[in-house]
Engineer: 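Right, I'll just put the structure down here and ask away after.
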Amino acid sequence: MSADPDCLFCKIVAGEIPAEVVSETETTVAFRDVNPQAPTHVLVVPKQHLVDAAQVAAADAGLLATLVAEAASVAASDGYRLVFNTGAEGGQVVFHAHLHVLSGRQMTWPPG
Ligand code: 5GP
Ligand code: ZN
């Protein structure tokens, strides 16, 4: 399993940095965002170091499907928002793919 020694989320996957893990599969980990933007704000990440959603899709389409299925199971409500910030202009700060799961309040649009 490939990991980047300088990557924050690889360190969370490896248990080297603590996080509140809410769900885990063979290939993914879901943990609470440290700066939540909604009552439920979970990040679902591949265990493998892949930088963004497109790279996940290219590497393993089934892995992308697992991320979405995990997101639905941790959302804890019927309505929720899934976000892949991608690239600096897309608001991505951590360059290890992560699917934001936001729920527990009415979402607004546009997201800003
Ligand atoms: P991005 O802007 O890259 O889409 O989102 C990165 C997310 O990671 C942000 O929502 C931020 O709050 C979260 N985050 C950054 N550092 C940590 C950390 O050390 N632990 C946890 N649980 N979340 C983090
Ligand atoms: Zn990583």
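Computation of the quantities below employed the complete heavy-atom set of this structure, encompassing side-chain atoms and omitting hydrogens, waters and symmetry-equivalent molecules. Just so you know, residue 1 is the first one in the sequence shown, and it goes up from there.
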Engineer: Atom CG in L43, atom CD1 in I12: separation rounded to 0.5 Å?
Structural biologist: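 With rounding to 0.5 Å, CG (L43) is 8.0 Å from CD1 (I12).
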Engineer: Under a single-linkage definition using a 4.5 Å side-chain heavy-atom cutoff for Ile, Leu, Val, Met, Phe, Trp and Tyr, are F84 and V94 assigned to the same hydrophobic cluster?
Structural biologist: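 No; V94 is not reachable from F84 via cluster members.
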Engineer: Any donor-acceptor pair under 3.5 Å linking the side-chain atoms of E70 with those of S23?
Structural biologist: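 On atom types as modelled, these side chains qualify, holding a pair under 3.5 Å.
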Engineer: Do any N or O atoms from the side chain of T28 and from the backbone of E24 form a donor-acceptor pair under 3.5 angstrom?
Structural biologist: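 No, the answer is negative, given that no donor and acceptor are paired below the 3.5 Å cut-off.
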Engineer: Flag the pair D33 / V42 as yes when at least one side-chain heavy-atom distance between them is below 4.5 Å, and no otherwise.
Structural biologist: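 No; the side chains remain at least 4.5 Å from each other.
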Engineer: When you compare the side chain of V56 with that of L67, does any pair of heavy atoms fall below 4.5 Å?
Structural biologist: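 The answer is yes, as the side chains (C-beta and beyond) meet within the 4.5 Å cut-off.
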Engineer: Any salt bridge between R32 and E20, counting N to O under 4.0 Å?
Structural biologist: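 Looking at R32 and E20, the cut-off is met.
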Engineer: So does Q37 get a backbone contact from the side chain of R105, meaning a donor-acceptor N/O pair under 3.5 Å?
Structural biologist: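 Yes; at least one donor-acceptor contact below 3.5 Å.
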Engineer: Does any non-hydrogen side-chain atom of V13 lie less than 4.5 Å from one of Q48?
Structural biologist: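 No - every pair of side-chain heavy atoms lies 4.5 Å or more apart.
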Engineer: Find the distance between CG (L82) and CG (L99) and round it off to the nearest 0.5 Å.
Structural biologist: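 The CG atom of L82 sits 5.0 Å away from the CG atom of L99.
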Engineer: Measure up the F31 and F9 rings against each other and bin them: parallel (under 30°), tilted (30 to 60°), perpendicular (over 60°).
Structural biologist: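 If you compare the ring of F31 with that of F9, the planes turn out perpendicular.
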Engineer: Working note: V29 + V21, criterion side chain to side chain contact (heavy atoms under 4.5 Å, CB included); need CA distance, chi angles, decisive distance, verdict.
Structural biologist: CA-CA 7 Å; V29 180; V21 173; 4.0 Å; yes
Engineer: So, for H98 and H96, is the gap between ring centers shorter than 6.0 Å?
Structural biologist: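 Between H96 and H98, which both carry aromatic rings, the centre distance is not below 6.0 Å.
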Engineer: For a quick test of reading the model, state the closest non-hydrogen atom pair linking V22 to V74 and the distance between them.
Structural biologist: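 Scanning both residues completely, I find the closest heavy atoms to be CG2-CG1, 4.0 Å.
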Engineer: Which atoms form the tightest heavy-atom contact between N85 and H100, and what is the distance?
Structural biologist: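 Answer, listing the atom of N85 first, then H100: ND2-NE2, 3.5 Å.
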Engineer: So which atom in A53 and which in A97 form the shortest heavy-atom distance, rounded to 0.1 Å?
Structural biologist: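 Looking at all heavy atoms of both residues, the shortest contact is N-CB, 4.2 Å.
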Engineer: One thing to verify: whether K47 and E26 come together as a salt bridge, which I'm taking to mean a side-chain N less than 4.0 angstrom from a carboxylate O.
Structural biologist: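 Here E26 does not pair with K47 in a salt bridge, since their nearest N and O are not under 4.0 Å apart.
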Engineer: Got more than 12 heavy atoms from elsewhere within 6.0 Å of CD, E16?
Structural biologist: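 Correct, the count exceeds 12.
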Engineer: Looking at every non-hydrogen atom in both residues, tell me the closest pair between S103 and A38 and how far apart they are.
Structural biologist: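 Closest approach of S103 to A38, heavy atoms only: O-CB, 3.5 Å.
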Engineer: How far apart are the closest heavy atoms of Q92 and D52, and which atoms are they?
Structural biologist: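 Where Q92 meets D52 most closely, the heavy atoms are OE1-CB, 4.1 Å.
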Engineer: Under a 4.5 Å side-chain heavy-atom rule over Ile, Leu, Val, Met, Phe, Trp and Tyr, are V44 and Y80 clustered together?
Structural biologist: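 Same cluster.
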Engineer: Any idea which heavy atoms bring A71 and V101 closest together, and the distance?
Structural biologist: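 Taking A71 first and V101 second, the nearest heavy atoms are CB-CG2, 3.5 Å.
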Engineer: Are R81 and V83 close enough that some pair of their side-chain heavy atoms sits under 4.5 Å apart?
Structural biologist: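 Yes, at least one pair of side-chain atoms sits under 4.5 Å.
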Engineer: State the CG-CZ distance between L8 and F95, to the nearest 0.5 angstrom.
Structural biologist: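 Going from the CG atom of L8 to the CZ atom of F95 covers 12.5 Å.
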Engineer: Looking at CD of Q55 and CG of L50, how far apart are the two atoms once the value is rounded to the nearest 0.5 Å?
Structural biologist: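 Q55 atom CD to L50 atom CG measures 5.0 Å (nearest 0.5 Å).
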Engineer: Treating T66 as the side-chain partner and L64 as the backbone partner, does any N or O pair qualify as donor plus acceptor under 3.5 Å?
Structural biologist: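 Absent.
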